[in-house]
S.K.: 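Got a structure for you, written out below as structure tokens; questions coming shortly.
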Amino acid sequence: MSSSVVPRLRFAPSPTGYLHVGGARTALFNWLYVKKYGGQFLLRIEDTDKARSTDESTRAIFDGLTWLGLDWDEDVVYQGANLERHRADAERLLANGTAYRCFCTQAELAERRAAAEANKESFKYDRRCDRLDPAEIARRVAAGMPYTVRFRVPEGTTSWDDLVHGEIAFPNKDIEDFIILRTDATPIYNMAVVSDDIAMRITLVMRGDDHISNTPKQIMLYRALGAELPQFAHLPMIHGLDGKKLSKRHGATAVGDYQHLGILPGAMLNFLALLGWSPGNDVEVMALDQMVELFSPDGLQKKAAIFDPKKLEWMNGQHLSLIGAAELLDRVVPALVRAGLSTEAEIAGRRDWMLALLDLLKVRARTIDDIVRQATPFFSEDIAYDADAEAKQWKDRPATAELLGSVKETLALLPAWEPAAMEEALRALAERLGFGDKAGKIFQPLRVALTGLGVSPGIFEVLTMLGRERSLARIDQAVAHLAAPARS
RNA sequence: GGCGGUAUCGUCUAGGGGACUAGGACACGGCCCUCUCAAGGCUGGAACACGGGUUCGAAUCCCGUUACCGCUACCA
């Protein structure tokens with residue numbers, strides 16, 4: 001490839017489902033390549049299978065890529081809109097003698113295939129229609145006999161230097177004369193892809209390695225069409241925890257699933273990038289711009305990788321602390337609103353408080369959903385006392401009520417609502433009550449009183465974020481709850 | 001079956017002839033920190049699929065075997 005050529009890469013999904021994590025990763029590597037070396041990243045929707053393609057899937061692909069931040073250049077290309085050109089290209093091959101008409105019917109073909117299988121022989125089209133004499137062909141065409149167009153596979157070997165695998169070679173004798181145009185004159189996949197990739201002036205075809213065996217056929221088509229060959233890079237597949245190709249039964253496989261699970265797009269991208277690529281040192285957690293900087297096709301893996309949701313979660317936790325509070329806020333607010341905990345206006349009204357709260361919560365959260373869960377007691381006065389927390393920290397209910405009463409008294413006396421003073425006063429109280437330096441005996445029951453939960457940020461941070469009024473009210477509320485007859 | 005691809009801890013990977021008693025990360029266990037949970041720090045167990053070559057020397061190169069994956073449609 002001459003260095004003067006501007007790289008043009010494309011991501012070409014079929015809109016037959018949702019944007020799969022494997023597809024997203026393919027898109028990511030294409031995108032990274034373009035961002036790293038310059039060039040254009042194009043999107044082509046391969047919607048020629050009308051039976052399976054849906055507009056909804058197309059939208060899911062756009063939404064998924066947009067959420068991930070993988071923006072594409074130029075207008076989206078819809079393969080279905082190029083049928084005429086595909087056909088014209090196939091007919092050019094017929095005209096230049098590299099393809100021929102085949103009058104064999106599907107039924108005949110199926111029969112011969114079955115017969116070959118019965119004899120334990122591998123079936124390959126025997127080229128009988130290529131031996132028809134021209135007069136006979138003309139007669140059949142004139143008679144309106146239906147035909148497909150087959151590509152005549154030449155002698156020799158077809159090979160290419162794959163960007164991730166190196167040299168790959170296929171003996172042409174193993175490839176049959178494949179159909180490029182159906183009886184109804186619509187193109188077969190390989191024909192459509194090559195026609196489009198040429199028209200889009202694609203210089204590097206980077207796709208899943210399930211296309212490796214399509215590649216020699218496509219290369220022959222390029223040559224027969226007199227087009228310049230692009231480079232090829234075949235990326236490994238993604239498998240599920242059981243080592244099988246990732247599919248629905250492995251749980252969430254659509255990018256949108258992770259979006260709704262509270263995963264950050266940056267974390268998703270980072271995780272996906274590491275599945276099949278490594279920067280070569282021990283760097284793992286990267287922001288998108290770092291990935292671009294570090295990206296190189298040399299680091300691309302040949303081996304299929306297994307999708308491990310545990311590591312994705314960990315990665316998300318890392319990105320939660322990596323991104324700024326402001327950016328995180330943009331992601332959390334919609335989730336908070338959706339959970340019915342607050343409104344955008346309310347949050348905007350106390351943005352600084354919200355930012356401070358986020359800083360406290362994000363350390364112990366792995367997903368945005370975790371944050372929402374933990375944020376609940378800071379938004380809702382309707383405290384739901386966690387049964388386990390009550391059982392553990394409020395064992396002796398009357399004694400706890402009394403303890404909380406003392407805590408409230410102590411806190412109420414504080415001249416300033418300030419952490420150092422709280423801690424000093426509460427530790428002194430622990431001392432007085434005979435807990436010695438085991439101030440946790442106060443902190444823990446108090447945590448349950450304030451949040452209803454056994455887990456929260458540091459107790460003084462909780463008190464601070466809640467403020468004096470709400471904190472004291474919460475203690476009263478807890479004391480009342482403790483006095484009420486237990487209704488488990 | 002034919003053809004093609006792949007093969008380092010359970011998982012993601014570093015490694016591209018000597019620096020390897022094979023490094024990092026996730027997960028798992030222990031310890032520290034500590035008001036809970038996280039985070040963080042320290043730490044433990046855990047791998048070169050097998051067999052032949054080549055070489056003074058192989059996780060690294062070559063050849064077989066095995067296993068897994070993909071393709072083998074008038075699907076994409």
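Residue numbers begin at 1 in each chain, while the letters A, B, ... track the order of the sequences.
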S.K.: Whether Arg427(A) contacts C35(B) is assessed here as follows: a side-chain N or O lying under 4.0 Å from the phosphate OP1 or OP2. Is that the case?
M.R.: yes
S.K.: Nearest of C37(B), A38(B), U11(B) to any side-chain atom of Ile306(A)?
M.R.: U11(B)
S.K.: Output the single nucleotide from G1(B), A76(B), C3(B) whose closest atom is nearest the side chain of Thr48(A).
M.R.: A76(B)
S.K.: Between atom CG of Leu312(A) and atom NZ of Lys310(A), what is the distance when rounded to the nearest 0.5 Å?
M.R.: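 It is 12.5 Å, given to the nearest 0.5 Å.
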S.K.: Crowded around Glu121(A) CD? As in, over 12 foreign heavy atoms under 6.0 Å?
M.R.: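 Yes, the 6.0 Å shell around CD holds more than 12 heavy atoms from other groups.
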S.K.: Is the phosphate of C37(B) approached by Arg366(A) (side-chain N or O, under 4.0 Å from OP1 or OP2)?
M.R.: no
S.K.: Does U6(B) have a Watson-Crick or wobble mate here (both distances under 3.5 Å), and if so which one?
M.R.: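 For U6(B), the partner nucleotide comes out as A67(B), under the 3.5 Å rule.
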S.K.: Could you measure between the two C1' atoms, the one in C48(B) and the one in U8(B), and give it in whole Å?
M.R.: 4 Å
S.K.: Give Ile188(A) one of three labels, base, sugar-phosphate or nothing, depending on what nucleic acid heavy atoms sit under 4.0 Å from its own.
M.R.: sugar-phosphate
S.K.: Considering just the side-chain nitrogens and oxygens of Lys303(A), establish if one lies under 4.0 Å of OP1 or OP2 belonging to U8(B).
M.R.: yes
S.K.: Nearest to the side chain of Lys311(A) - C12(B), C35(B), C3(B)?
M.R.: C12(B)
S.K.: Using the rule given for ring pair (Phe, Tyr, Trp, His ring centres under 6.0 Å), can you reason through Phe151(A) versus Tyr100(A), listing the C-alpha separation, both sets of side-chain angles and the distance that settles it, and then say yes or no?
M.R.: CA-CA 7 Å; Phe151(A) 181 75; Tyr100(A) 58 92; 9.2 Å; no
S.K.: Which nucleotide in the set C12(B), U36(B), C75(B) lies at the smallest distance from any side-chain heavy atom of Leu275(A)?
M.R.: C12(B)
S.K.: Check the angle between the aromatic planes of Tyr189(A) and His211(A) and answer parallel, tilted or perpendicular using the 30° and 60° thresholds.
M.R.: parallel
S.K.: Once you apply a heavy-atom cut-off of 4.0 Å, does Ala169(A) come out as touching a base, just sugar-phosphate, or nothing?
M.R.: sugar-phosphate
S.K.: Starting from C1' on C71(B), measure out to CG on Asn190(A) and report it in whole angstrom.
M.R.: 11 Å
S.K.: Reckon Gly280(A) touches a base, only the sugar-phosphate, or nothing at all at heavy-atom distances under 4.0 Å?
M.R.: sugar-phosphate
S.K.: OP1 or OP2 of A39(B) less than 4.0 angstrom from a side-chain nitrogen or oxygen of Gln318(A), does that happen here?
M.R.: no
S.K.: Supply the atom-to-atom distance Asn270(A) CG to Met291(A) CE, rounded to the nearest 0.5 angstrom.
M.R.: 4.5 Å
S.K.: Could you state the CG-P distance from Leu109(A) to A73(B), rounded to the nearest angstrom?
M.R.: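 Computing the Leu109(A):CG to A73(B):P distance gives 10 Å.
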S.K.: With a non-hydrogen cut-off below 4.0 angstrom, is Tyr189(A) in contact with a base, only sugar-phosphate, or nothing?
M.R.: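 Answer is base: heavy atoms of Tyr189(A) come under 4.0 Å of a base.
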S.K.: Reckon Pro457(A) touches a base, only the sugar-phosphate, or nothing at all at heavy-atom distances under 4.0 Å?
M.R.: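 Base: the residue Pro457(A), judged by heavy atoms under 4.0 Å, touches a nucleobase.
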S.K.: Send over the distance from Asp209(A) CG to C71(B) P, rounded to a whole Å.
M.R.: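 Atom-to-atom, Asp209(A) to C71(B), this comes out as 10 Å.
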S.K.: How far does the P atom of C37(B) sit from the matching atom of C50(B), given to the nearest Å?
M.R.: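 The same atom, P, in both gives a distance of 43 Å.
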S.K.: Looking at every strand, decide which applies to Gln106(A) at a 4.0 Å heavy-atom threshold: base, sugar-phosphate, or nothing.
M.R.: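 Since a base atom lies under 4.0 Å of Gln106(A), the category is base.
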S.K.: Using the closest heavy atom to pick a nucleotide of RNA chain B for each, name whichever of Val455(A) or Leu181(A) lands nearer the 5' end.
M.R.: Val455(A)
S.K.: Looking only at atom C1', what distance separates G24(B) and A47(B), rounded to whole Å?
M.R.: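 Per the computed distance, 14 Å lies between those C1' atoms.
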S.K.: Under 4.0 Å: is that the gap between some side-chain N or O of Arg373(A) and OP1 or OP2 of A38(B)?
M.R.: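 So the side-chain polar atoms of Arg373(A) never come under 4.0 Å of the phosphate oxygens OP1 or OP2 of A38(B).
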S.K.: Can you see whether Thr215(A) engages His234(A) through a side-chain donor-acceptor pair at a distance of less than 3.5 angstrom?
M.R.: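 Thr215(A) vs His234(A): donor-acceptor pair found between side chains.
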S.K.: As a test of reading the structure: which of G2(B), U6(B), G5(B) is closest to the side chain of Ile212(A), going by heavy atoms?
M.R.: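 That would be G5(B).
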S.K.: Can you tell me, in whole Å, how much space there is between the P of C68(B) and that of C63(B)?
M.R.: 23 Å
S.K.: Which part of the nucleic acid does Ser456(A) contact within heavy-atom distance under 4.0 Å: base, sugar-phosphate only, or nothing?
M.R.: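 The residue Ser456(A) makes base contact.
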S.K.: Can any side-chain N or O of Glu461(A) pair as donor or acceptor with the backbone N or O of Gly458(A) at less than 3.5 Å?
M.R.: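 Flag set: sc Glu461(A) to bb Gly458(A) pair under 3.5 Å.
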S.K.: Taking the minimum atom-to-atom distance to the side chain of Ala305(A), which one of C26(B), U13(B), A76(B) wins?
M.R.: U13(B)
S.K.: I want to verify a distance call: between G23(B), U36(B), A25(B), whose nearest atom is closest to the Asp282(A) side chain?
M.R.: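 Given the options G23(B), U36(B), A25(B), the side chain of Asp282(A) is closest to G23(B).
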S.K.: Just name whichever nucleotide pairs with C20(B), Watson-Crick or G-U, keeping both distances under 3.5 Å, else none.
M.R.: none
S.K.: Please determine whether any donor N or O and acceptor N or O are separated by less than 3.5 Å between the side chain of Glu284(A) and the base of G24(B).
M.R.: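 A donor-acceptor contact between them is present.
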S.K.: Partner of A46(B) by Watson-Crick or G-U wobble geometry, both contacts under 3.5 Å, or none?
M.R.: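 Here A46(B) is not engaged in any pair, so there is no nucleotide opposite it.
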S.K.: Heavy-atom nearest nucleotide on RNA chain B for Cys104(A) versus Ile168(A): which residue maps closer to 5'?
M.R.: Ile168(A)
S.K.: Considering every strand shown, what is the Watson-Crick or G-U wobble mate of C33(B) when both distances are under 3.5 Å?
M.R.: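 WC or wobble partner does not exist here.
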S.K.: So, under a plain 3.5 Å distance rule, would you say the side chain of Thr183(A) forms a donor-acceptor pair with the base of C74(B)?
M.R.: yes
S.K.: Expressed in whole Å, how much space separates the C1' atoms belonging to A73(B) and C61(B)?
M.R.: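 The same atom, C1', in both gives a distance of 40 Å.
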S.K.: Quick check on U6(B): is either OP1 or OP2 less than 4.0 Å from any side-chain nitrogen or oxygen of His165(A)?
M.R.: yes
S.K.: Which one is paired to C61(B), where only Watson-Crick or G-U wobble pairs with both distances under 3.5 angstrom count?
M.R.: G53(B)
S.K.: Can a salt bridge be assigned to the pair Arg44(A) and Glu46(A) using a cut-off of 4.0 Å between side-chain N and carboxylate O?
M.R.: yes
S.K.: Taking atom C1' in both G10(B) and A49(B), what distance in whole Å separates the two?
M.R.: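 Rounded to whole Å, the distance is 16 Å.
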S.K.: Identify which one of Arg127(A), Arg131(A), Lys217(A) satisfies the salt bridge (Lys or Arg N to Asp or Glu O under 4.0 Å) criterion when paired with Asp177(A).
M.R.: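 Answer to the salt bridge (Lys or Arg N to Asp or Glu O under 4.0 Å) test with Asp177(A) among Arg127(A), Arg131(A), Lys217(A): Arg127(A).
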S.K.: Nearest to the side chain of Phe170(A) - G4(B), G10(B), C35(B)?
M.R.: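 Taking heavy atoms from C-beta onward, the closest nucleotide is G4(B).
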S.K.: Determine whether any donor atom in the side chain of Arg364(A) lies under 3.5 Å from an acceptor atom in the base of C37(B), or the reverse, and answer yes or no.
M.R.: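 By the distance-only test, yes, there is a pair.
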S.K.: Kindly point out which of C12(B), A14(B), G70(B) is positioned nearest to the side chain of Asp210(A)?
M.R.: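 Nearest to the side chain of Asp210(A) among the choices is G70(B).
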S.K.: A76(B) phosphate, OP1 or OP2: any side-chain N/O from Arg52(A) under 4.0 angstrom?
M.R.: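 Checking A76(B) against Arg52(A), no side-chain N or O comes under 4.0 Å of OP1 or OP2.
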S.K.: Looking at the side chain of Trp314(A), which of A76(B), A73(B), C26(B) is the nearest nucleotide?
M.R.: C26(B)
S.K.: Rounding to the closest angstrom, what is the interatomic distance between A22(B) and G15(B) at atom C1'?
M.R.: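 It works out to 8 Å between them.
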S.K.: Considering every strand and a 4.0 Å limit on heavy-atom distances, what is the contact class for Gln374(A): base, sugar-phosphate, or nothing?
M.R.: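 No contact.
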S.K.: Between OH of Tyr147(A) and CZ of Arg140(A), what distance do you get to the nearest 0.5 Å?
M.R.: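 These two atoms lie 13.0 Å from each other.
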S.K.: Just call it for Asn214(A): base, sugar-phosphate, or nothing, with non-hydrogen atoms closer than 4.0 Å on any strand.
M.R.: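 Base contact.
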S.K.: Which base sits across from G1(B) as a Watson-Crick or G-U pair, both distances under 3.5 Å?
M.R.: U72(B)
S.K.: Can you tell me, in whole Å, how much space there is between the C1' of C20(B) and that of G57(B)?
M.R.: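 So the two C1' atoms sit 13 Å from each other.
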S.K.: Which part of the nucleic acid does Gly276(A) contact within heavy-atom distance under 4.0 Å: base, sugar-phosphate only, or nothing?
M.R.: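 Touches sugar-phosphate only.
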S.K.: Nearest whole Å is fine: how far is C35(B) P from Glu423(A) CD?
M.R.: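 Rounded to whole Å, this separation is 8 Å.
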